[in-house]
Amino acid sequence: MRVSKMLIPTLREVPAEADAISHQLLLRSGMVRKVAAGVYTLLPLGNKVVKKIENIVREEMNKAGGVELQLPIIQPAELWQESGRWDVYGPEMYRLKDRHGRDFCLGPTHEELITDLFRQEVKSYRQLPLLLYQVHNKYRDERRPRFGLLRGREFIMKDLYSFDKDEDGLEESYHKMYDAYNNIFSRCSLDFRAVEADSGAIGGDVSHEFMVIADTGEDEITFCSGCDYAANIDKTPCHSSGEDAAVEEERPLEKKETPEARTVQDVASYLGVDAAKVIKSLFYNADGKLVVVLVRGDRLVNEIKVKNYLECSMLEPADPDEMRNKYGLPMGFAGPVHLREKADVTILADTEIDNLTNAVAGANKNGYHFVNVNLGRDFQIDNYGDFRFAQVGDVCPCCGAPLQVQHGIEVGHIFKLGTKYSEAMEATIIDEKGKEAPVIMGCYGIGVTRTMAAAVEQCHDQDGIIWPSAISPFEVVIMAVNQRDEPQVNCATEIYQQLVAAGIDVLYDDRRERPGVKFKDADLIGYPARVVIGKKAITEGLIEVKWRSTGEMSFQEKGNIATYLKDALASMM
RNA sequence: CGGGGUGUAGCGUAGUUUGGUAGCGCGCUUGGUUUGGGACCAAGAGGUCGGGAGUUCAAAUCUCCCCACCCCGACCA
């Protein structure tokens with residue numbers, strides 16, 4: 001392909017709307033353009049990257065026994081009503097009506113459609129296992145699309161659904177996908193990690209996320225320095241570190257004035273104590289019931305753990321006005337002591353609260369805190385539990401070694417669904433004994449466009465993108481220093497044709513631009529290899545090759561160039 | 001949805017406080033010179049100043065309403 005026939009609108013300056021580095025570079029390198037918030041056009045180069053990722057995904061899915069099909073984007077409401085998700089999904093789902101007033105949605109996901117297809121077409125265990133997948137657009141009206149392609153409202157996803165006759169079959173399908181996902185992201189040359197994850201609203205008990213490691217990632221993951229353990233921080237269990245506070249004699253409860261000290265930090269510094277000595281009391285509305293969660297002042301409440309413990313469908317911070325007006329509990333000064341006298345409230349305490357002696361807690365009076373608060377003597381709780389977020393240095397739940405924390409971008413997520421959808425939608429199969437039972441399902445997603453953006457987040461420098469060769473829009477860019485110099489042009493054309501013939505994905509920058517412009521664009525776009533035809537090529541038959549990732553430059557014999565590039569690129573895969 | 005911010009040519013921006021009829025850099029077009037890291041000279045084209053209403057002799061600038069986009073939070077298979 002020649003640049004003169006492409007559309008590669010590179011930008012010299014960073015568009016003001018882009019903050020995330022991948023967003024900036026994808027715009028500047030002429031790969032994508034924004035159409036609306038979270039909606040993007042893939043320009044030729046961006047489209048090519050997407051196709052390369054999709055092909056890797058397809059190859060690995062097919063290798064694992066997957067079969068590709070394509071489900072519609074427009075989906076009838078009836079199927080969603082059947083699964084119960086029409087009412088549950090909320091405003092994130094794009095809903096529309098046809099001319100007859102019938103309800104439809106733009107598919108945010110495809111469990112309903114695949115389950116519907118399955119129940120109509122598959123009846124017998126003999127047809128299982130079945131792994132069906134598609135690579136298609138998904139639509140989610142995110143409250144806040146952000147970071148360019150990392151969180152869009154329209155995006156490309158590969159989703160595969162597994163159908164098995166029993167748990168063992170599901171286990172096998174799940175492992176096939178787990179392995180395939182590892183292969184996919186390895187082939188994309190990404191630094192990633194598979195981590196245990198919360199299965200969330202989709203249901204099921206086992207779930208893994210595939211995280212591309214990047215400081216800018218929205219997710220946090222914990223991993224062990226001593227063993228293989230790795231998990232989403234939402235899911236990481238916290239065990240007591242064993243470092244019980246030094247045994248201290250309980251001192252008498254005392255109320256102290258702490259004007260304007262609302263945050264743990266304020267209170268701790270005002271009273272001159274460590275934040276870990278303060279009991280943080282966070283009030284929640286859990287399906288309409290008031291709940292307070294107590295954690296140490298230096299800890300954060302993990303609302304997912306609270307929600308899972310309470311088995312409630314809604315958990316949100318209690319309304320400060322209601323707290324004050326209805327119960328007389330002032331925000332910032334509320335605490336567990338004498339709390340029950342004021343409100344009917346469930347009191348949950350993180351396990352670490354048990355270790356506190358002579359702690360500090362809000363006095364439920366504006367401008368006051370209690371000091372020397374002791375559990376049992378001064379307040380009671382309903383239950384202990386693990387309600388906090390893990391932190392760096394916490395003990396690994398598997399081996400006890402200290403945990404590390406990194407940020408990541410979720411590019412893949414695999415779930416065991418079980419019978420959630422097959423039961424709701426009566427997708428059953430006949431087993432060996434002639435008995436009818438709901439089919440056992442799993443679902444496995446990869447965000448394709450997100451993977452492209454994640455790769456850029458991870459692979460770039462101050463000059464631009466550094467594509468891993470497997471997903472680069474082209475493997476090699478070739479150019480003449482002077483596109484008006486006939487010998488150079490002839491030589492460049494000749495080598496370009498050689499490379500094409502050798503099966504290398506090569507782009508010829510045949511623009512009559514000055515070399516600096518073409519060099520800058522090559523660096524910005526990030527082709528793995530750059531071939532330059534200069535004077536030396538004409539006088540000595542030596543061709544310059546420069547590698548984007550290392551900056552390494554060398555001269556190759558004109559006759560060897562295709563072989564050299566082919567070998568070098570192969571060794572990078 | 002709450003908080004904050006920004007909308008001026010394709011991109012980046014000045015001008016807004018203190019109202020006087022829009023400027024700069026890059027890019028684009030034409031001609032010429034140049035050709036190993038975003039060239040130079042000359043001549044040009046390109047703007048409903050996000051939209052609407054209002055105040056005023058006069059609005060990019062002041063007032064009100066709306067919209068879009070970005071950031072933080074909440075939310076999220």
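Within every chain, numbering begins at 1; the chains are lettered A, B, ... in the order of the sequence lines, protein sequences first and strands thereafter.
- If you check every strand for non-hydrogen atoms under 4.0 Å, A/Tyr444 touches nothing.
- Proximity of a side-chain donor or acceptor of A/Arg119 to a complementary backbone N or O of A/Met425 within less than 3.5 Å is detected.
- Using modelled atom types, one finds no donor on one side chain facing an acceptor on the other under 3.5 Å when comparing A/Gln24 with A/Ser22.
- Distance from the side chain of A/Arg146 is smallest to B/C71 among B/C76, B/C11, B/C71.
- Looking at heavy-atom distances under 4.0 Å, A/Glu544 makes contact with a base.
- Across B/A53 and B/G12, the matching P atoms stand 28 Å from one another, rounded to whole Å.
- In this pair, A/Phe415 and A/His413 present their aromatic rings parallel. The plane angle is below 30°, not in the 30 to 60° band.
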Starting at the 5' end of nucleotides 37-44 of chain B, put B wherever the base has a protein heavy atom under 4.0 Å, S where only the sugar-phosphate does, and a dash everywhere else. BBB-----

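- One interatomic measurement links the two molecules: CD of A/Gln24 to C1' of B/G12, which rounds to 13 Å at whole-angstrom precision.
- Just one residue in the list A/Glu112, A/Gln75, A/Glu111 forms a side-chain hydrogen bond (donor to acceptor under 3.5 Å, both in side chains) with A/Trp80, and that residue is A/Gln75.
- In this structure, A/Arg140 atom CZ and B/C76 atom P are separated by 12 Å, rounded to whole Å.
- Atoms CG (A/Asp509) and C1' (B/G36) sit 14 Å apart, rounded to a whole Å.
- Searching all strands for a Watson-Crick or G-U wobble partner of B/A68 with both distances below 3.5 Å returns B/U6.
- The nearest heavy atom of RNA chain B to A/Gly534 and to A/Glu218 marks one nucleotide each, and the one closer to the 5' end goes with A/Gly534.
- In the set B/C69, B/U35, B/C76, the nucleotide with an atom closest to the side chain of A/Ala37 is B/C69.
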Check against salt bridge (Lys or Arg N to Asp or Glu O under 4.0 Å), A/Glu154 and A/Arg140: CA-CA 7 Å; A/Glu154 174 184 81; A/Arg140 294 181 195 172; over 6 Å; no

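- Nucleic acid contact for A/Arg512: none, since no nucleic acid atom lies under 4.0 Å from a heavy atom of the residue.
- Minimum atom distance to the side chain of A/Arg153 is reached by B/C69, of the listed B/U35, B/C69, B/G25.
- Position along RNA chain B of the nearest nucleotide to A/Pro15 versus A/Ala537 favours A/Pro15 as the more 5'-ward residue.
- A cation-pi contact, defined as under 6.0 Å to the ring centre and within 45° of the axis, links A/Lys416 to A/Tyr174.
- In this structure, CG of A/Leu149 is placed 12 Å from P of B/C70, rounded to the nearest angstrom.
- Phosphate contact (OP1/OP2 of B/C71, side-chain N/O of A/Arg144, threshold under 4.0 Å): present.
- Between the side chains of A/Asp141 and A/Tyr139, no donor-acceptor pair of N or O atoms lies under 3.5 Å.
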Should A/Val489 and A/Gln483 be marked as a side chain to side chain contact (heavy atoms under 4.5 Å, CB included) after you check the CA-CA gap, both sets of side-chain angles, and the distance that decides it? CA-CA 6 Å; A/Val489 171; A/Gln483 187 67 23; 4.0 Å; yes

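- Pairing of B/G19, defined by two Watson-Crick or G-U wobble distances under 3.5 Å, is not identified with any nucleotide.
- Nucleotide B/U35: unpaired (no Watson-Crick or G-U wobble partner with both distances less than 3.5 Å).
- Of all nucleotides listed (B/C71, B/U35, B/G12), B/G12 comes nearest to the side chain of A/Glu13.
- Residue contacts for A/Met479: at a heavy-atom cut-off of 4.0 Å it reaches no nucleic acid atom on any strand shown.
- Tested against A/Gln134 for a side-chain hydrogen bond (donor to acceptor under 3.5 Å, both in side chains), the candidates A/Gln70, A/Lys158, A/His110 yield a single pass: A/His110.
- Pairing partner, B/G44: B/C28, with both Watson-Crick or wobble hydrogen-bond distances short of 3.5 Å.
- Between the CD atom of A/Glu17 and the P atom of B/G12 there is a distance of 7 Å, rounded to whole Å.
- Atom P of nucleotide B/A74 and atom CD of A/Glu92 are separated by 16 Å, given to the nearest angstrom.
- Checking B/A53 for Watson-Crick or G-U wobble geometry (two distances, each under 3.5 Å) identifies B/U63 as its partner.
- Across all strands shown, nothing is found opposite B/A58 as a Watson-Crick or G-U wobble partner with both distances under 3.5 Å.
- Nucleic acid contact class of A/Ala18 (heavy atoms, under 4.0 Å, all strands): none.
- To the nearest angstrom, P of B/C76 lies 10 Å from CD of A/Glu303.
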